[in-house]
Protein chains: 2
Amino acid sequence: MSKKLDLRVKRTRKLINEAFLKLIQQKGFDSVTIQDIAEEALINRATFYLHYEDKYDLLEKISRSAIDELTSVLNPVLHISEHEVQVEKLRTTIEKVYESMEKNQVFYTVMFGEHGVYNFRNNLEEVIRENFSKKMTELGVRPEDFEIPKDMILHFISAAFVGVVQWWLKQSTKPSSQEMAMKLSKIITAGPMQAAGLKIEKQL
Amino acid sequence: MSKKLDLRVKRTRKLINEAFLKLIQQKGFDSVTIQDIAEEALINRATFYLHYEDKYDLLEKISRSAIDELTSVLNPVLHISEHEVQVEKLRTTIEKVYESMEKNQVFYTVMFGEHGVYNFRNNLEEVIRENFSKKMTELGVRPEDFEIPKDMILHFISAAFVGVVQWWLKQSTKPSSQEMAMKLSKIITAGPMQAAGLKIEKQL
DNA sequence: GACACTCTGTTAACTAATCAACATTTTGTC
DNA sequence: GACAAAATGTTGATTAGTTAACAGAGTGTC
């Protein structure tokens, strides 16, 4: 599938990513220059252009890889059959989501941080909404049947989810992914999902 | 003086150094292999051999550069004229020593650490002793005249100095270099230097 | 003590990254 | 709005680093 990447390419990209995030945290995305990045990453400025068009391209590619990983894990989050949520599956998937965030912790922390990227939170919520939404229609789940607008449910869940993640990332001693998954799956199944008229399988 | 170093060389060495220290901390110097280093540093194993003979050579070169920096700062520590210690000069020099250690904090912490390098503490003390000793003879200071063996004074100072540094490095919120310099210069002038028969200039 | 296994040290052909130079564009400030 | 300074984006020639392949040294374990 993926042809083996030259070690230099792998290393260069890693160095650029790290430098970029560090600089965003220091001075904010807007004031980061390509020159800054090259200097911090110990690469020649010309090398940057071998990999990225500009800093917007870089931001997009970094974001995409983090978000792609997140959504690939998020995808099976609603393993719903016949309007029945399988609680255990929900729990393990949330756990995987938190593991993914832990792995890309630096990325998320910087993006959410004081000097983070404008609108990142909203964009992340949107990604999550789209994923939930797609899955719902795919499975024929129609909260409208229960007099709750689908959009409302989606905004409720995505906002709550991202809000909790943001809080979690700031904790110096973070509750484990397992713990977070346990608690969140309880809350979600107890609240919004029942409101949306989804039958809940018996709790673990 | 120093011809400009190719950016790749600079970067490769930095990556090797960081990887090396990280690995020593993880598994101890003895069990670190060149293969480990290459993998961690994202460089080819062959590249390692372009820069160092083996891990002993690497250790020596890393150590040398840290120690060289230290001693170059340590050199003027005893600005003694006519057996009179200039307290203010002593203070500022200790301050610089602590700044140097702060800069190479990772190096020193790893070397002193649980998986550190055997005998590193003793070697460091020796370096310090040699520097003090050289300076003393250079200036004709003879504590023997006051019935204290020179070696005893040297061991007293070097051991105390390194002991304090080791303690300092472990503190999560370290007293500043200024603070350390202030306190240490007081202790040293009050204790061993007077014992060695050196007249002390009036305190700041 | 012979087996598989990992680590070492070295090589020649290939390639990514550097250098330094250039013309442009953007930024900031007087 | 005009000038200097800094950042951008591109280039061709040069070099450090990669690759993969080698033979040999050290480890352990059955």
Side-chain angles (χ1 to χ4, degrees), chain A residues 1-65 110 115-118, chain B residues 1-65 110 115-118:
Chain A
M1 203 78 242
S2 59
K3 68 276 172 176
K4 227 179 9 180
L5 217 48
D6 189 293
L7 192 44
R8 284 169 292 192
V9 172
K10 214 171 140 191
R11 182 183 58 218
T12 296
R13 293 194 182 149
K14 183 169 176 249
L15 289 170
I16 289 179
N17 281 13
E18 289 171 355
F20 188 48
L21 290 178
K22 187 171 174 185
L23 287 165
I24 289 180
Q25 195 158 43
Q26 261 172 34
K27 31 157 65 187
F29 175 77
D30 289 341
S31 33
V32 173
T33 69
I34 311 296
Q35 226 149 201
D36 287 339
I37 296 171
E39 208 171 310
E40 174 69 35
L42 287 178
I43 58 153
N44 194 286
R45 197 161 53 79
T47 307
F48 180 92
Y49 294 106
L50 297 177
H51 298 274
Y52 306 102
E53 286 191 10
D54 48 37
K55 67 174 176 174
Y56 303 97
D57 184 41
L58 170 57
L59 177 63
E60 214 219 284
K61 279 176 176 148
I62 289 189
S63 299
R64 178 165 308 283
S65 83
V110 169
H115 295 285
V117 169
Y118 181 71
Chain B
M1 200 79 243
S2 60
K3 67 275 166 171
K4 227 179 12 183
L5 217 49
D6 189 292
L7 193 44
R8 285 168 292 192
V9 171
K10 214 171 141 192
R11 182 185 58 216
T12 296
R13 292 193 182 150
K14 182 169 176 250
L15 288 171
I16 288 179
N17 281 13
E18 289 171 355
F20 188 48
L21 290 177
K22 186 170 175 187
L23 287 165
I24 289 180
Q25 195 158 42
Q26 262 172 32
K27 30 156 65 186
F29 174 78
D30 289 341
S31 33
V32 173
T33 68
I34 311 295
Q35 226 150 201
D36 288 338
I37 296 172
E39 207 172 312
E40 175 69 36
L42 287 178
I43 58 153
N44 193 288
R45 196 162 53 79
T47 307
F48 180 91
Y49 294 105
L50 296 178
H51 298 274
Y52 306 101
E53 286 192 10
D54 48 36
K55 67 175 177 174
Y56 303 97
D57 184 40
L58 170 57
L59 177 64
E60 214 219 283
K61 278 175 177 149
I62 290 188
S63 299
R64 178 164 309 283
S65 83
V110 169
H115 296 284
V117 169
Y118 181 70

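Heavy-atom basis, side chains included; hydrogens, waters and symmetry copies ignored.
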Worksheet item: Does B:N44 make a side-chain N or O approach to OP1 or OP2 of D:dT19 shorter than 4.0 Å?
Response: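 For D:dT19, OP1/OP2 do have a side-chain N/O of B:N44 under 4.0 Å.
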Item to complete: Check whether any side-chain N or O of B:H51 sits under 4.0 Å from OP1 or OP2 of D:dG17, and answer yes or no.
Response: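 The answer is yes; a side-chain N or O of B:H51 sits under 4.0 Å from OP1 or OP2.
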Write down the distance between [atom1] ([X]) and [atom2] ([N]), rounded to a whole number of angstrom.
{"X": "A:L50", "N": "C:dC19", "atom1": "CG", "atom2": "C1'", "result": "13 Å"}
{"X": "B:D54", "N": "D:dG26", "atom1": "CG", "atom2": "P", "result": "13 Å"}
{"X": "A:I34", "N": "D:dA7", "atom1": "CD1", "atom2": "P", "result": "11 Å"}
{"X": "B:L5", "N": "C:dA17", "atom1": "CG", "atom2": "P", "result": "19 Å"}
{"X": "A:D36", "N": "D:dA6", "atom1": "CG", "atom2": "P", "result": "13 Å"}
{"X": "A:Y49", "N": "C:dT25", "atom1": "OH", "atom2": "P", "result": "14 Å"}
{"X": "B:F48", "N": "C:dC7", "atom1": "CZ", "atom2": "P", "result": "14 Å"}
{"X": "A:I43", "N": "C:dA20", "atom1": "CD1", "atom2": "P", "result": "17 Å"}

Item to complete: Would you verify whether the NZ or CZ of B:K55 falls within 45 degrees of the ring axis of B:F20 while also being under 6.0 Å from that six-membered ring's centre?
Response: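 Here B:K55 fails the 6.0 Å and 45° test against B:F20.
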Verify the neighbour count for atom [atom1] of [X]: are there more than 12 heavy atoms of other residues, nucleotides or ligands below 6.0 Å?
{"X": "B:K14", "atom1": "NZ", "answer": "no"}
{"X": "A:K10", "atom1": "NZ", "answer": "no"}
{"X": "B:Q26", "atom1": "CD", "answer": "yes"}

Worksheet item: Mapping A:T33 and B:A46 to their closest nucleotides on DNA chain D, which lands nearer the 5' end?
Response: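 So the residue in question is A:T33.
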Worksheet item: Of the non-hydrogen atoms in B:E40 and B:K22, which two are nearest, and what is the gap between them?
Response: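 Scanning both residues, the minimum pair turns out to be OE2-NZ, 3.2 Å.
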Worksheet item: How is A:D6 classified with respect to the nucleic acid when contacts are heavy atoms under 4.0 Å: base, sugar-phosphate, or nothing?
Response: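 If one applies the 4.0 Å heavy-atom cut-off, A:D6 turns out to touch the sugar-phosphate alone, with no base involved.
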Item to complete: Answer whether the closest heavy-atom distance between the side chains of A:R8 and B:N44 falls below 4.5 Å.
Response: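 No, too far: nothing below the 4.5 Å cut-off.
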Worksheet item: Is there a residue in residues 7-27 of chain B whose heavy atoms reach under 4.0 Å of DNA chain D, and which residues are they?
Response: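 Contacting residues: B:R8, B:V9, B:T12.
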Discussion item. With ring-ring contact (aromatic ring centres under 6.0 Å, His included) as the test, pick out the partner of A:Y52 among A:Y56, A:Y49, A:F48.
Written reply: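 When ring-ring contact (aromatic ring centres under 6.0 Å, His included) is applied between A:Y52 and each of A:Y56, A:Y49, A:F48, only A:F48 qualifies.
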